Amino acid sequence: MPLDVFATEMLSAYGPQGWWPLLAHAGSNPTSTGRLTGYHPGDFTFPRSKPQLFEICCGAILTQNTAWTNVERALASLAKLARLSARGILSADDGTLESAIRSSGYFRAKARKLRAFSRFYLGLAGRTPSREELLGVWGVGPETADSIRLYAYKQPEMVVDAYTIRVLVRHGYCRLPLNYARAKRYCEARLPRSVQGYQEFHALVVEHAKRLRAARG
DNA sequence: TTCCAGGCAATAC
DNA sequence: GTATTGCATGGA
């Protein structure tokens, strides 16, 4: 079936995914009990503030090759230390920053990446960065740049990840070897150019791939 | 215990 | 351009 139909079917099967997850924010999950449940299905109004925008950027870096549950802990730890901001990260000493994000893995490299991004972010002075600018930041590759563009800055930028590649190949849309640029072009050429559509598609692909894996064991 | 998770940079061809 | 390796935690 065409890719846009596949997207519609995933939406029917799994429902809206509510990406990008954010730490508990005012008015959300009032009955939440301890676990961080920052998804907001069907609500595309986030981020609603600069701190939330910056949190998404940090999450995009921290989740590189890492399970989101480990990232949640790191973000919550940074927030608790009042370090989940560009100035907070840049003014923290190495030990503080590294121990705060320890749970997200590769913590020394990621601490360096958060600092590099924070410097870049302050230099933007609120402006939306281009994809090329983001790719010029140490520690920001194609997926991280696109995630930041799509979810933090709401630019119509398709995000591809390991799951997307697997799903496109498994369902016969593409053949290996399938690199990032080709997968991105393939999807963008077949889906309506829309921020909400791109956000939902990427999140649904991840959900779909996780279910496939679970079903296979 | 092994395998994997919402990558990226450095290096070597 | 493609292939390989180091980076590191926590859950299944």
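Throughout, protein chains are lettered first and strands after them, A, B, ... in sequence-line order, and every chain is numbered starting at 1. Everything quoted here is computed from the prediction, not taken from an experiment.
- Between Thr144(A) and Val137(A) there is no side-chain heavy-atom pair separated by less than 4.5 Å.
- Listed by residue number, Val137(A), Trp138(A), Gly139(A), Val140(A), Gly141(A), Pro142(A), Glu143(A), Thr144(A) are the residues of residues 129-145 of chain A with a heavy-atom contact under 4.0 Å to DNA chain B.
- Linking Ile, Leu, Val, Met, Phe, Trp and Tyr residues whenever their side-chain heavy atoms come within less than 4.5 Å leaves Leu150(A) and Leu135(A) in two separate clusters.
- Grouping the Ile, Leu, Val, Met, Phe, Trp and Tyr side chains by contacts below 4.5 angstrom, directly or via other members, places Tyr106(A) apart from Leu62(A).
- Going from atom CG of Leu178(A) over to atom C1' of dG1(C) covers 15 Å, rounded to whole Å.
- Residues Lys50(A) and Tyr121(A) have side chains in contact (heavy-atom distance under 4.5 Å, counting atoms from C-beta outward).
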What is the per-nucleotide protein-contact pattern of nucleotides 5-12 of chain C, from the 5' end, where B denotes a base atom under 4.0 Å from a protein heavy atom, S denotes such proximity for sugar-phosphate atoms only, and - denotes neither? --BBBSS-

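- When the P atom of dA9(B) is taken as reference, atom NZ of Lys113(A) falls 6 Å away, rounded to whole Å.
- When rounded to the nearest whole Å, the span between CG of Leu212(A) and C1' of dC4(B) equals 16 Å.
- Side-chain contact between Arg149(A) and Thr128(A) is present, with at least one heavy-atom pair separated by less than 4.5 Å.
- A side-chain contact (heavy atoms from CB on, under 4.5 Å) with Leu75(A) is found for one member of Leu84(A), Thr63(A), Leu22(A), Ile56(A) and no other, namely Leu84(A).
- When the P atom is used for both dC8(B) and dG10(C), the distance is 22 Å, rounded to whole Å.
- Distances from the side chain of Arg166(A) to the nucleotides dT2(C), dG7(B), dA5(B) place dA5(B) closest.
- Taking the six-membered ring for Trp and thresholds of 30 and 60 degrees, Trp19(A) and His202(A) have ring planes more than 60 degrees apart, a perpendicular arrangement.
- Among the protein residues, Ala209(A) comes within range of no part of the nucleic acid, since none of its heavy atoms lies under 4.0 Å from any strand.
- Atom OH of Tyr180(A) is separated from atom C1' of dA3(C) by 21 Å (rounded to the nearest Å).
- Using a 3.5 Å distance cut-off with no hydrogens or angles, the side chains of Ser91(A) and Arg83(A) do pair a donor with an acceptor.
- A straight line from CZ of Arg182(A) to P of dG1(C) spans 14 Å, rounded to a whole angstrom.
- Proximity of Ser118(A) to Phe54(A): side-chain heavy atoms (C-beta onward) are separated by under 4.5 Å at one or more points.
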